[in-house]
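Before any comments, here is the structure.
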Amino acid sequence: MKESAKAIVTLGCLCVGGAGIWASEPCRAADHGDTPVLISAGRHDARITDLFAFTRGDQLVLIVSLDPSIPPGVQQYQFASDLRVKILIDNDSEVAFDDAADLEMFGGTILGPHKVQKDLALHVEFDMGGEPILETVGIPRRDREQILLFAGLRDDPFIRAPRTGRNIAAIVIELPLDVVLNDQDTLLIWATSAVDDLVGPFQDLAGRALRSQFPENFPMNSLAPKRHEKVMNVPPDVIIYDTLLPAAFPNGRELADDVVDLVGDPRVLNSDFPFPAENDVPFLDVFPYLAPPHPAP
Amino acid sequence: MTQEAARVGLDRSVGWGGLLMWALGSVLAGLASCGPASTSSDWDAAIGFYRQKVARDPRLYPAYAQLGASYLARARVTLDPADVAAAREALDRSVQIQPSFAAYKTMAAVSNFSHRFNDAIRWAQRAHEASPEDGAVTAQLVEAYLGLGRIDDAAALLQLDQPPADYYRVVAMGHWLAAQPRMDDAVDAYVAAAQLAREAQVDELAVWAQVRAAGLVLDAGRADEARQYLEAGARLRPDDFWLRVHQAELREAEGRLDEALAIYERLLRQTPNPTIHAQAWAVARRLGRPDRARRHFKAADAGLRRALDAGEVYTLEALAALYLEADVELDRARELAQRNLEFNPAASARALLASIEQRLDAAGLDADSP
């Protein structure tokens, strides 16, 4: 090499935009760091960090947390108009509860994993002002008026030390449970996020907490749950929620569920010091249930 | 002596270089449709794409950040100050609408590229607050500290008592080692980084690290070793811009000057870049082709000055080094090198100034002399 031709070689080109290496990034939420396409594109706003499903009275509450990298001090949040978030519900797939291992790990056994498909869907998009627009699939028109929707900045509900004091972009939906149930009390629930123009029908998928974000499960994020078993030989990554029982991970997921401890995966647990067992701020008793955002430090 | 040469401790005469390959690679836009990009025209498409997106929605802050990243990526291969300015403008707009990790991080990258290292530290610290685990941001900080000659501050970030946790930290470690200078250790770090990238199937980053290793060993005169790294890179991304540049430099080291010049000129047809013109000038001069040498020198001079005329500082060192090697405008070279120290007080910048002053003294051209 011509000696003088070597130069100031900056890392900037490696640090911006695509060509990221994400696999070694530690988990910062229950569904985090698992979306190479979004990370490569710098679309952290579309990264799903958590999915919750629980009931309050006769209402089903569904919460999707997004964007693990909101700078501290941000007090207002604008959702991007090219972001599409979907919460999908299968209300008729048969689930058994007699396999102790599956029960402990997944909340049940899906008997027809390749048949998992949405029966109802809640699509959230945003206008240019960042205001949410909700569209539904499979929900009668008369019932849509009963749906509550919140979208905005909130405290990160993930119970994990590194997330203390952090905020996320939240989508909270509440609707009557009987609108969602079919002939059984068990629901399969998952969420996806997608950005226009990026590859695939969606770029992130969240189901059961602390599952698809681990490298061995990365492919889940670009596959519909019904394909997880066929392609990856694993059960579909969905929340199994027997609504006759109180939500308690892995049966649904309550806000107060300390999934880091419950799952106990050392890849997450080891960096959880000082191992909080509850959220850093109290949740609300009323909609939207998530605590208000942390103020600027 | 170039910054790189200074960092690796090579005692060499100052060439036209200090040539600023701020990037040895390119950045994927993250769009499948764009794919790996190496030349300026590749980035034209990405820029057009994101401009369309923000035209459709003027508040689409992620697209502004992506637009800024695309302008920066093009600037890395062209050194065009207009692209640097456009990157800053797009990122400013993104942050105004919605502060975000992506915009902060890209701002840090723009600042490092443009040798505004103190700005880079400020932006990277904001990005670090937003995403403390991000190794790429740590690497940006290391880069900025090294640019400022603050090697100990860089070391503190690297947590030297622990093995680097990811690709970016390994690369940052390589930079820090090169600054010691501990060249062989630095090469090992880049090779290890390349392996990590291969395992993660990110060829672009693997090639970047391999080219980086090749650059160091080329500086040390170990052409055979450099060839191995470049061949490994070529198997992954044969058209990578910086790989091709280094292949040309390898040809130079091997005395295959015609081939080197041909590669440079082929690259220049794809992507105008004043530092590549400077390299082509040096080769053409060695080949005894004065007309081509003159043409390349004029293009290098004009391109490097263009950035300065636009208020940028990132070509100060390169232009000073060009004048020094060409043995022209030495007073101006000294002025440029002195000003460069205000922004980039690293050892290489000091070495360049010393070399210029030595040349002036030797020629009895000290401006202070009557």
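Lettering follows sequence order; numbering is per chain, from 1.
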Margin query: With no hydrogens and no angle check, just 3.5 Å: does a side-chain donor-acceptor pair link A:Asp155 and A:Asn279?
Written below: yes

Margin query: Heavy-atom cut-off 4.5 Å, strictly under: side chain, backbone, both or neither for B:Gln98 against chain A?
Written below: side chain

Next item on the list: Select one option (side chain, backbone, both, neither) describing which atoms of B:Arg126 are under 4.5 Å from chain A's heavy atoms.
Entry: neither

Next item on the list: Could you tell me which portion of A:Phe126 (side chain, backbone, both or neither) has an atom closer than 4.5 angstrom to a non-hydrogen atom of chain B?
Entry: neither

Checklist line | A:Arg211/A:Asp237 ion pair, N-O < 4.0 Å | finding: yes

Next item on the list: May I ask you to decide whether B:Arg59 forms a salt bridge with B:Asp57, counting only side-chain N to carboxylate O separations under 4.0 Å?
Entry: no

Notebook entry, point to check: With side chains defined as the heavy atoms from C-beta onward, is the minimum distance between B:Tyr168 and B:Leu205 less than 4.5 Å?
Noted result: yes

